Structure formats: structure tokens, C-alpha cells
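Numbers restart at 1 for each chain; the letters A, B, ... are given by sequence-line order, proteins then strands. Computed from a predicted model, the values in this text were never measured in an experiment.
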Amino acid sequence: MTSSGEPLVLGIESSCDETGVALVRGNDLLFDAVASSMEEHARFGGIIPEVASRAHLEAMVPTIERALDEAGVTLSDVDAVAVTAGPGLVGPLTIGTSAAKALSIGLGKPLYGVNHVIGHACVDQLSGGEFPDRVMALVVSGGHSSLLLVDDIATDVTELGSTLDDAAGEAFDKVGRLLGLPYPGGPHVDRLAREGDPTAIRFPRGLTAPKDQERHAYNFSFSGLKTAVARWVEARTDAGKDIPVEDVCASFAEAVADVLTAKTIAACRRHDVDTLVIGGGFSANSQLREMAAKRCAEAGITLRIPPIRHCTDNGAMIAALGSAVVRAGVAPSGLDIPVDSSMPLETITV
Amino acid sequence: MPVLAIDTSAAVSVALVSETGGRLAARSSGERRRHAESLAPLITQVLDDAGTDRTALTAVVAGTGPAPFTGLRVGLVTARTLALAVGIPVLGVPSLDGLAAQAVSDLGLDPDDEVLVASDARRKEVYWARYRVVAHEGPHGVPVVRTVAGPEVGRAAAVAEAQPGAVAGPATGVAGARAVVVGEGAALYPDVLPLDDDAPLLPDATVLARLALARRDAGLALPTEPLYLRRPDVQEPAPPKSPALG
């Protein structure tokens with residue numbers, strides 16, 4: 001299907017430390033520009049909202065200009081403006097929504113405030129095409145771990161479960177820190193895990209006991225796992241033994257991937273869904289990718305994972321969701337919309 | 001051919017001003033914590049009030065503070081992006097300069113009089129700057145003032161102590177000149193910063209627009225860099241002493 005007659009949507013993302021601006025027409029991505037303040041946060045060992053907010057202010061106009069230049073379009077070609085309204089950090093979200101409102105006023109084009117987490121699933125439509133009628137979406141990142149039943153990405157999303165404590169990526173970063181790896185630790189843990197034995201240590205699988213099946217069948221918990229890794233490392237250190245870092249990483253990563261995929265496949269079966277989309281920065285994790293591919297193949301489920309550059313925070317995911325809601329005829333947002341740091345995952349637009 | 005001016009350094013003030021400095025429309029909101037919700041609707045209302053189409057705008061002016069960070073950024077990113085969308089310049093003016101100019105008009109100040117402007121910096125501090133009047137009325141009907149100290153941030157008592165001539169009696173240097181204190185920051189700490197009767201309390205976007213036009217016409221650069229004056233509150237974490245949870 002050609003997208004030449006579809007509206008051109010400019011999407012702005014600023015919920016954390018990446019300033020993202022992208023242009024999407026239909027499901028075609030024209031260009032995705034991202035400016036990151038990640039390096040400014042590294043020495044603090046975590047995202048500092050005020051540092052991120054200052055960087056968003058300085059990056060916003062240059063990033064919009066770069067996206068337009070590279071896409072070969074001008075602002076007068078834009079038919080609608082989409083922006084992350086939540087969830088995320090208030091200061092950073094405020095920069096993106098203010099810029100989007102100003103574009104909406106200045107261009108005389110409608111504004112759509114959209115949900116960041118749902119954008120992480122929707123971005124897969126840019127590479128994998130329109131979703132079938134019903135898909136399961138697992139969104140996993142440094143800030144989110146959620147299982148969403150998507151009947152219509154623009155109008156009908158049901159949250160089946162989310163993490164009760166740490167997000168998957170967050171647990172990786174914390175384990176990286178306790179092993180003394182550089183920030184952010186996640187990618188280092190992933191790299192070391194590939195050289196270790198995933199069966200070396202049996203770490204716990206959170207919320208998988210029979211008693212958890214009723215209330216927490218599709219919720220996640222990674223805090224206990226992280227503590228178990230810390231206790232194991234401590235005991236080993238106290239005993240004067242070396243830490244087999246690769247085996248610790250591999251066994252930890254195995255536990256995370258096992259819980260995420262087991263619960264997700266169970267949800268697909270329970271809801272009779274045959275397509276799974278995994279989005280968010282943590283979908284770059286090797287063990288998660290391998291285990292999801294294997295278990296989906298066994299269960300006859302089609303697995304869709306966006307390219308890695310679309311899994312981290314970016315404007316393409318917001319432009320993609322904006323494009324979907326515009327095409328679905330959803331009403332635009334008012335110019336007075338607030339940002340919502342804890343936006344419910346069933347809220348697609350505000 | 002009007003300019004749109006925005007100030008979010010304290011509350012929200014929006015004005016539409018003609019190229020010659022005449023006020024076409026103005027609106028404000030007392031909102032201190034929800035700038036991002038109130039600013040954009042106020043802009044469309046001001047354009048509607050004046051019957052002005054967005055494409056007729058010739059520049060966007062923004063108050064650059066100093067001010068609490070989140071609200072200040074709402075005004076600056078809005079001004080920069082709106083200017084980009086319409087294809088017009090964006091001009092920055094320190095918000096405290098606007099209050100100083102207002103004081104000259106409102107209080108009938110003369111050349112060599114001095115104005116100490118203080119705004120609320122929260123955390124029991126004020127943002128402040130001290131100005132000397134150059135002309136009661138200059139181009140675009142706006143007073144001309146020159147900064148002699150600041151802008152800085154500090155406790156009101158410390159400001160009063162360091163700027164004795166600004167808060168008590170005649171201005172320093174020039175015999176017979178007045179010294180006045182204006183701004184909401186003074187209203188919060190009247191025992192150390194005695195606010196002048198009838199002193200303006202909050203920046204007015206109309207005055208910022210006139211200042212911007214006068215400075216632009218004088219060939220001055222008008223950057224929109226925010227005047228934060230404070231570093232982000234962050235501490236670098238100590239490295240973990242032993243393998244334990246952070």
C-alpha cells in the first residue's frame with residue numbers, strides 16, 4: 001500500500017534523556033533525528049532530570065531542523081504534530097509538549113499528545129507493517145516492563161501487567177553497578193553474559209510461584225532477583241573466592257529472559273494471540289531475543305522486534321503512533337494538555 | 001505587523017505589541033506551577049483578541065529570567081519553536097530588565113535614579129539585579145536602563161547588606177537621585193527589602209516586547225539563553241565500597 005496520500009506527521013519525544021524528532025507518512029519513516037544527553041549523566045550514575053531538561057531545551061530546535069533537512073521536507077508540509085505526553089520525567093516531558101504546542105500554533109496544524117510506552121510497540125509498524133487485528137506487546141526498557149494486549153494501536157490497548165518494582169533494564173544497570181561495571185551497566189552485563197554459563201547459578205524467578213498466578217500472572221518483579229545476585233556475590237566475596245562475573249551475568253540474564261518470555265507466551269496463549277511485538281531499549285538484550293525467538297517458534301507465535309535503533313527512545317515511535325491515531329480519526333488534543341509522568345498504559349492519546 | 005512577547009519567569013504574561021510599541025492585546029495568568037498548560041492557550045487567545053493571524057507575526061520575544069527552571073524553559077522553548085514554525089526571529093530580554101523598565105514608568109523615575117529588582121527564586125532566596133536609569137523614555141516608548149550589578153541569586157538579607165545604597169535613602173554616587181526597590185521578591189521579604197509604594201511586582205510581556213524592539217533597532221544581540229544562575233542539584237555518587245546494592 002502506498003503512503004503518498006497519507007498525512008505527514010512530525011513526532012517529538014523528550015520523556016527521558018533523548019531529544020527525538022521524526023517525520024512519518026503512513027508507516028513510512030522519512031527521517032529520525034536524535035540528540036542524547038546520556039554522556040552528561042554517566043558521571044552521576046543515573047539520569048539527572050534537570051541536566052536532561054537543560055539539554056532538551058538546547059537540542060529541541062536544532063533537532064527539529066535536522067529532521068526536516070534530512071527528510072527533505074519543510075514545516076509547511078507537516079499535517080499534524082505528535083508528542084510524548086507521558087509517562088516519563090516531568091521536566092523533560094514539559095520541553096517536548098511545549099515545543100509541540102508551539103509548532104501546532106505556528107503551523108495551524110492539530111496536536112496529538114500520545115503515550116510513550118505504546119509508541120515503543122507502535123514503532124514496529126514502520127519496519128514490520130501494519131499490525132494484525134490483535135497483537136501482544138512486551139515493552140521493556142530502563143524505565144518500563146509492561147505487557148499490553150493491543151486490539152487497535154490507535155484506540156484499544158489493555159494493560160495485562162507491569163513490573164511492580166524495577167524495570168528489566170533498570171535491574172541490569174543495578175547488577176552492572178554492583179559488579180563494578182561502567183554506567184550504564186546493562187549492555188556490559190549483556191556482553192559478559194554471552195561468555196558465561198546461564199545455568200551456573202539458579203537465581204529466583206519473581207512472581208512465578210503458584211500463589212502469584214491469580215493476582216500477578218502477568219506482573220513482573222526484578223527487585224528480589226537483583227538482591228539475590230547481590231547476596232550471592234557478597235557470600236562469595238566473604239568466603240574469599242573469585243567472582244565468576246560472566247557466569248553471574250549469564251545466570252542473571254537467563255532469569256530475566258525466562259520470566260519475561262514465559263509470562264508473555266502464557267499471555268499470548270490465554271488471549272489467543274499469534275503475534276508478539278517486543279519493543280523498548282531492553283529488547284536489544286541478547287538472551288531475551290534468543291529465548292523469545294525459540295519459545296515463540298515452539299508456540300507458533302510470530303515474533304516482531306523493531307530494529308535496535310528504533311528500540312531506544314526516539315521520535316520515530318511517537319511519529320508512528322501519531323500517524324496511527326491521525327489515520328484512525330482520533331480527535332486532536334487541546335493546547336492545554338498537561339504532561340503525565342505516570343500516564344496509564346491504557347491511555348493512548350490525551 | 002506585531003510581535004508576540006512571552007514571559008514565564010514568575011506567572012505567565014503574553015502580549016501582542018505593534019512594531020512601534022503599541023499594545024494590541026495582552027493576557028496573563030497567575031499560574032505558578034502549570035506554565036506548560038496555560039501558556040499555549042493564552043497565545044491563541046491574544047492572537048484572537050487582536051484579530052491577528054499567526055502568519056502576520058514579525059518576531060517572538062521571550063523573557064530569559066532569571067527564574068525557576070521549569071517554568072522559564074516553557075517560555076523559551078515555546079518562543080524558539082513558534083519562531084521556527086512561523087519563520088521569524090526570536091529575541092530574548094532578561095525578565096528583570098522588564099521590571100526595571102516598568103519601575104521607571106510606574107514610579108516616574110529620572111536619569112541617575114536606581115532600581116533594585118528582586119524576584120522570587122524560591123528556597124528563601126531572590127533573583128536580583130540593580131539598574132541605573134539612563135532615560136525616562138527612549139525609542140518605542142520604553143525607558144532606558146543600565147545594569148550596574150547582578151543578575152545574581154541570594155538571600156534577601158545578604159542582597160540588602162551588599163547593596164546598602166539600593167535599599168536605604170539616596171542612590172549611591174549621585175546626589176539627589178532616588179533608589180527604589182521593586183518586584184515580588186521584595187514583597188516576600190519586606191523587612192530587609194523595603195518595597196516602594198506602587199512598585200511593579202511581576203514582569204509585563206508588553207514592556208519586554210518594547211525593550212526587545214528598542215534593543216533590536218539599536219543593533220544589540222538578543223540571545224534566548226536561559227539565566228539559570230544555579231547549577232542543577234546533583235552530587236556525583238561515591239563508588240560502591242563493596243559489592244552491595246546501590
Could you check which of A:Ala100, A:Gly91, A:Ser104, A:Ser53 has the highest count of heavy-atom pairs closer than 4.5 Å to chain B?
A:Ser53
Please rank B:Leu84, B:Val86, B:Leu42 by heavy-atom pairs under 4.5 Å with chain A and give me the top one.
B:Leu84
So which residue, B:Glu37, B:His35, B:Arg73, ends up with the most heavy-atom pairs under 4.5 Å with chain A?
B:Arg73
Proximity breakdown for [X] and chain A, heavy-atom pairs closer than 4.5 Å:
X        : answer
B:Arg231 : backbone
B:Leu76  : both
B:Thr78  : both

Quick one: is the NZ or CZ of A:Arg177 closer than 6.0 Å to the six-membered ring centre of A:Tyr183, and within 45° of its axis?
no
Within 45 degrees of the ring normal and closer than 6.0 Å to the centroid, is that where the cationic atom of B:Arg146 sits relative to B:Tyr131?
no
At a 4.5 Å cut-off on heavy atoms, which part of A:Ile64 comes close to chain B: side chain, backbone, both, or neither?
side chain
Against chain B, label A:Leu75 side chain, backbone, both or neither, depending on which of its atoms sit under 4.5 Å from a heavy atom there.
side chain
Just list the side-chain donor-acceptor pairs under 3.5 Å for residues 164-172 of chain A, sequence neighbours left out, or say none.
from     : atom 1 : to       : atom 2 : distance (Å)
A:Asp165 : OD1    : A:Phe222 : N      : 2.8
A:Asp165 : OD1    : A:Ser223 : N      : 3.1
A:Asp165 : OD2    : A:Ser221 : OG     : 2.6
A:Asp166 : OD1    : A:Lys174 : NZ     : 3.1
A:Asp166 : OD2    : A:Lys226 : NZ     : 3.1
A:Glu170 : OE1    : A:Ala167 : N      : 2.9

Pairing donors with acceptors under 3.5 angstrom, does anything connect the side chains of B:Ser119 and B:Glu184?
no
Residue pair A:Thr347 / A:Asn115, side-chain donor-acceptor N/O under 3.5 Å
no
Shortest non-hydrogen contact from B:Val90 to B:Ala83?
CB-CB, 3.8 Å
